[in-house]
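Have a look at the structure below, then the notes.
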Amino acid sequence: MYNIGDTVLHPTAGVCKITDIKSENFASLGLKEFYVLSPIYDKGQIIHSPVDSEKIQLRKVLDEEEIYTLIHSISRSEPLWTDNDAMRKDIFMKTLKSGKHTKIIQLIIEICEKREEKIKSGKKLHMADERILNEAEKIIHQEFAYALNIEPNAVAQFIMKELGII
């Protein structure tokens with residue numbers, strides 16, 4: 001169980017501060033205990049997340065040391081990209097849902113590389129790939145930005161620099 005003041009990662013809202021823990025009676029759920037979450041990067045929004053939810057798993061935000069270790073453990077030996085659109089979408093969605101940072105970062109890198117390839121040949125990245133890229137970046141960028149005390153839009157460059165890609 002988390003405490004008021006803890007910073008956690010919500011699977012869809014991103015990095016949030018727990019502002020309260022209270023019991024509420026929501027429609028069909030009856031009286032339940034909820035975390036009241038305030039997203040760090042989406043000011044003004046308030047989220048209620050059941051304390052005992054198996055579906056919505058909150059977790060502590062990674063710290064700086066964990067992020068550096070994570071980045072340097074990324075392996076690109078098994079590419080995620082496939083040219084089959086349906087298979088690729090399935091692989092990408094499973095990768096996002098897995099919550100595995102190393103795989104999500106690998107996903108971001110591969111989609112960005114494909115986007116650059118396509119731009120050079122005068123083409124565009126498939127819209128579904130762009131949406132998945134945006135979702136993956138939201139997951140990684142918010143958490144890393146918070147832990148490293150940098151802006152979310154600086155995270156991609158930070159990762160690429162750490163990996164020696166730029």
Side-chain angles (χ1 to χ4, degrees), residues 7-18 35 37-49 53-166:
T7 304
V8 296
L9 188 71
H10 184 278
T12 56
V15 178
C16 298
K17 180 80 72 179
I18 297 175
Y35 292 116
L37 306 171
S38 178
I40 301 292
Y41 296 100
D42 194 2
K43 301 287 184 203
Q45 186 179 9
I46 299 294
I47 297 167
H48 289 77
S49 184
S53 177
E54 291 180 19
K55 201 173 185 183
I56 301 171
Q57 295 293 314
L58 302 178
R59 68 166 176 76
K60 284 267 192 192
V61 173
L62 296 174
D63 65 29
E64 188 173 347
E65 184 178 321
E66 290 170 318
I67 288 173
Y68 278 100
T69 301
L70 177 77
I71 290 171
H72 293 287
S73 70
I74 292 171
S75 168
R76 297 187 57 200
S77 60
E78 295 180 34
L80 298 170
W81 188 275
T82 179
D83 289 330
N84 179 303
D85 291 344
M87 282 178 59
R88 184 172 66 249
K89 183 179 179 184
D90 185 55
I91 291 167
F92 287 180
M93 292 306 293
K94 285 179 181 171
T95 301
L96 287 177
K97 288 180 182 178
S98 77
K100 294 181 181 173
H101 287 82
T102 54
K103 287 294 188 186
I104 296 171
I105 293 170
Q106 179 185 352
L107 173 73
I108 293 169
I109 293 167
E110 288 184 25
I111 294 174
C112 287
E113 288 174 342
K114 280 294 178 186
R115 181 172 53 194
E116 290 303 311
E117 272 180 39
K118 292 203 178 271
I119 288 170
K120 286 178 184 172
S121 64
K123 297 178 183 177
K124 287 186 172 183
L125 193 61
H126 195 287
M127 192 61 135
D129 296 326
E130 285 285 355
R131 276 194 292 273
I132 288 174
L133 175 61
N134 289 337
E135 188 62 32
E137 287 179 333
K138 179 182 175 186
I139 291 167
I140 297 297
H141 290 194
Q142 281 192 13
E143 183 172 16
F144 283 28
Y146 183 82
L148 298 168
N149 199 26
I150 61 176
E151 290 297 316
N153 61 5
V155 172
Q157 186 173 4
F158 167 80
I159 292 171
M160 298 299 200
K161 185 178 173 191
E162 281 300 309
L163 292 173
I165 294 173
I166 59 168

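Residue indices begin at 1 and follow the sequence shown.
Side-chain atoms of E143 come within 3.5 Å of backbone atoms of L62 as a donor-acceptor pair (strictly under, hydrogens ignored). When atom types are taken as modelled, the side chain of Y146 and the backbone of Y41 share no donor-acceptor pair closer than 3.5 angstrom. Under a 3.5 Å cut-off, the side chain of K138 and the backbone N or O of T12 do form a donor-acceptor pair. In this structure, the side chain of E137 does not engage the main chain of N134 through any donor-acceptor pair within 3.5 Å.
Every pair tested for salt bridge (charged side-chain N to carboxylate O under 4.0 Å, His left out) that includes a residue from residues 39-49 fails, sequence neighbours excluded, so the list is empty.
Side-chain contact check for F144 versus H101: some heavy-atom pair is nearer than 4.5 Å. Within the 4.5 Å cutoff, no side-chain heavy atoms of L58 are placed close to those of L9. No side-chain heavy atom of S75 sits less than 4.5 Å from a side-chain heavy atom of T102. For the pair I18 and L37, the minimum side-chain heavy-atom distance is below 4.5 Å. Looking only at side-chain heavy atoms (C-beta outward), V8 and Y35 stay at 4.5 Å or farther from each other.
Electrostatic pairing of E130 and R115 counts as a salt bridge here, judged by a charged N lying under 4.0 Å from a carboxylate O.
With sequence neighbours left out, R131 forms a side chain to side chain donor-acceptor pair (under 3.5 Å) with no residue at all. Evaluation of the side chain to side chain donor-acceptor pair (under 3.5 Å) rule for D85 yields R88 as partners, not counting sequence neighbours. For E110, the side chain to side chain donor-acceptor pair (under 3.5 Å) partners two or more places apart in sequence, or in a different chain, are Q106. For the side chain to side chain donor-acceptor pair (under 3.5 Å) test, no residue two or more places apart in sequence or in another chain qualifies with S121. Every residue two or more places apart in sequence or in another chain that forms a side chain to side chain contact (heavy atoms under 4.5 Å, CB included) with A154 is listed here: I150.
Heavy-atom contacts from other residues, nucleotides or ligands closer than 6.0 Å to NZ of K94 number 12 or fewer.
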